[in-house]
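Here's the structure, in structure tokens; my notes come after.
These numbers come from a predicted model, not from an experiment.
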Amino acid sequence: MLHNLATSSATANSRLLLISSSLAKPFSSLSKKLQFCSCRFTSLQNSRPISYYRPPMNILNKLGFGTKSPDPSTMDPTIPQGPDDDVPAPGQQFAQFGAGCFWGVELAFQRVSGVTKTEVGYTQGLLHNPTYEDVCTGTTNHSEVVRVQFDPKECSYEALLDVFWARHDPTTLNRQGNDVGTQYRSGIYYYTPEQEKAARESLERHQKLLNRKIVTEILPAKKFYRAEEYHQQYLAKGGRFGFKQSAEKGCNDPIRCYG
């Protein structure tokens with residue numbers, strides 16, 4: 001059918017080529033240029049990072065009467081800087097990791113045998129009950145993280161650390177690829193002294209393998225704020241374009257990145 005359209009008229013042919021080209025460029029750019037999951041990609045026409053995400057904005061926002069960026073001086077860090085008081089399922093443990101945009105990081109942990117649950121959210125910040133819009137302002141100091149629930153009889157904490165290091169570049173401060181900001185910082189947030197010890201030893205081993213300084217922060221796990229529902233298992237559910245990616249245990253398919 002495409003052959004018939006192409007031969008029917010030069011005009012149809014040129015239109016078809018134009019459409020094919022415009023569709024192919026974004027996907028080829030994403031697959032070739034993005035090694036890690038990124039909420040953003042670089043425009044082919046300029047070098048500025050642009051984002052697929054556009055926070056919802058009503059008419060009041062547009063007129064300047066809507067919700068404004070949180071003022072750090074008015075934030076009470078008492079609750080958000082407190083410990084994560086959620087409780088894992090019986091016989092399970094929690095782990096928290098920040099490694100850039102949480103979509104791809106979550107999918108990587110979903111595929112690990114022994115991981116029984118994953119949630120993406122915000123932590124280490126100053127604002128109680130932050131929204132994604134709040135976090136994106138860069139004023140709340142939250143980090144995008146994945147909270148992993150795992151069965152220690154089937155999956156060691158050290159195995160989770162291996163996934164963490166493999167998933168991102170721990171030497172770039174507040175940045176992963178084209179995603180820039182404190183919310184994308186590298187961090188391991190531990191729940192027990194044993195996790196802290198394993199995390200620090202793991203960092204030392206990986207530092208010996210790299211010629212750049214690792215900037216990963218290792219801190220106690222603090223209050224975890226579950227992100228909006230549409231962020232949960234985002235890539236496994238298909239993301240913006242509906243291209244579902246496998247979360248099956250042991251799956252080694254490349255994790256593709258899109259908004």
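- Between Tyr122 and His142, the ring planes are perpendicular. Angles over 60° get that label, and only those under 30° would be called parallel.
- With a 4.5 Å cut-off on side-chain heavy atoms, Val146 and Gln96 do not count as touching.
- Residues Ile218 and Val215 do not share a hydrophobic cluster, defined by chaining ILVMFWY side chains whose heavy atoms lie under 4.5 Å apart.
- For Asp76, the side chain to side chain donor-acceptor pair (under 3.5 Å) partners two or more places apart in sequence, or in a different chain, are Thr78.
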For Phe94 and Val148: C-alpha separation, side-chain torsions, deciding distance, then whether side chain to side chain contact (heavy atoms under 4.5 Å, CB included) applies. CA-CA 6 Å; Phe94 278 151; Val148 178; over 6 Å; no
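- Residues satisfying the side chain to side chain donor-acceptor pair (under 3.5 Å) criterion with Asp84, sequence neighbours excluded, are Arg147, Tyr191.
- Counting all heavy atoms, side chain and backbone alike, Gly187 lies closest to Phe164 at O-CE1, 3.6 Å.
- Residues Leu173 and Ile214 fall into different hydrophobic clusters, defined by Ile, Leu, Val, Met, Phe, Trp and Tyr side chains chained together at heavy-atom separations under 4.5 Å.
- Defined by atom type and a distance below 3.5 Å, a donor-acceptor pair is missing between the side-chain atoms of Ser143 and Gln183.
- At least one donor-acceptor pair under 3.5 Å links the side chain of Asp134 to the backbone N or O of Thr131.
- Separation of atoms NE2 (His206) and CG (Leu209) is listed at 6.5 Å; rounding is to 0.5 Å.
- Here the side chains of Leu203 and Arg200 are not in contact, with every heavy-atom distance at 4.5 Å or above.
- Thr171 places a side-chain heavy atom less than 4.5 Å from the side chain of Leu210.
- A pairwise comparison of heavy atoms in Val105 and Ala99 identifies CG2-O, 3.6 Å as the closest pair.
- Taken to the nearest 0.5 Å, the CG atom of Leu107 stands 9.0 Å off from the CG atom of Asp253.
- Take Lys197 and apply the salt bridge (Lys or Arg N to Asp or Glu O under 4.0 Å) test, not counting sequence neighbours, and it matches Glu201.
- The minimum heavy-atom distance linking Ser202 with Trp165 is given by the pair OG-NE1, 2.7 Å.
- Arg175 places a side-chain N or O within 3.5 Å of a backbone atom of Gly177 that can act as its donor or acceptor partner.
- Looking at every heavy atom in both residues, Phe150 comes nearest to Cys155 through CD1-O, 3.4 Å.
- Tyr230 places no side-chain N or O within 3.5 Å of a backbone atom of Gly239 that could act as its donor or acceptor partner.
- When side chains are defined from C-beta on, Lys213 counts as touching Gln207, because their heavy atoms get closer than 4.5 Å.
- In this structure, Asn252 places its CG atom where only 12 or fewer heavy-atom neighbours from other residues, nucleotides or ligands lie under 6.0 Å away.
- Judged by distance alone, the side chain of Arg167 and the main-chain N or O of Glu106 form no donor-acceptor pair under 3.5 Å.
- Side-chain atoms of Gln233 and Thr118, non-hydrogen and from C-beta on, do get closer than 4.5 Å to each other.
- Of all non-hydrogen atoms in Cys101 and Glu144, the two that sit nearest each other are CA-OE1, 3.5 Å.
- A distance of 5.5 Å separates NE2 in His168 from CD in Gln176, rounded to the nearest 0.5 Å.
- Side-chain atoms of Gln93 never come within 3.5 Å of backbone atoms of Tyr157 as a donor-acceptor pair (strictly under, hydrogens ignored).
- At least one side-chain heavy atom of Val145 sits less than 4.5 Å from a side-chain heavy atom of Phe224.
- Interatomic distance, CD of Gln124 versus OG1 of Thr140, reported as 11.5 Å (0.5 Å rounding).
- Counting all heavy atoms, side chain and backbone alike, Gly138 lies closest to Thr182 at O-OG1, 4.4 Å.
- Under the side-chain hydrogen bond (donor to acceptor under 3.5 Å, both in side chains) criterion, the residue pairs touching residues 215-227 are Gln81-Lys222, Asp85-Lys223, Glu119-Arg226, His128-Tyr225, Arg185-Glu217, Ser186-Thr216, Tyr189-Glu217, Arg226-Glu229, with sequence neighbours excluded.
- Interatomic distance, CG of Leu235 versus CZ of Arg240, reported as 14.0 Å (0.5 Å rounding).
- Inter-residue side-chain proximity for Thr137 and Pro70 is flagged as met; some heavy-atom pair is nearer than 4.5 Å.
- Side-chain atoms of Lys249 come within 3.5 Å of backbone atoms of Val115 as a donor-acceptor pair (strictly under, hydrogens ignored).
- Here Leu127 sits in one hydrophobic cluster together with Met75, Leu126; the rule is ILVMFWY side chains under 4.5 Å apart, joined directly or through other members.
- Between Val120 and Trp103, every side-chain heavy-atom pair lies at or beyond the 4.5 Å cut-off.
- Residues that satisfy the side chain to side chain donor-acceptor pair (under 3.5 Å) test with Thr116, not counting sequence neighbours, are Gln92, Gln149.
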Val112/Val163 under side chain to side chain contact (heavy atoms under 4.5 Å, CB included): CA gap, chis, key distance, verdict: CA-CA 9 Å; Val112 177; Val163 175; 3.8 Å; yes
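- Taking the six-membered ring for Trp and the full ring otherwise, Phe97 and Phe109 have centroids separated by under 6.0 Å.
- Of the inter-residue distances, the one linking Arg256 atom CZ with Gln245 atom CD reads 4.0 Å to the nearest 0.5 angstrom.
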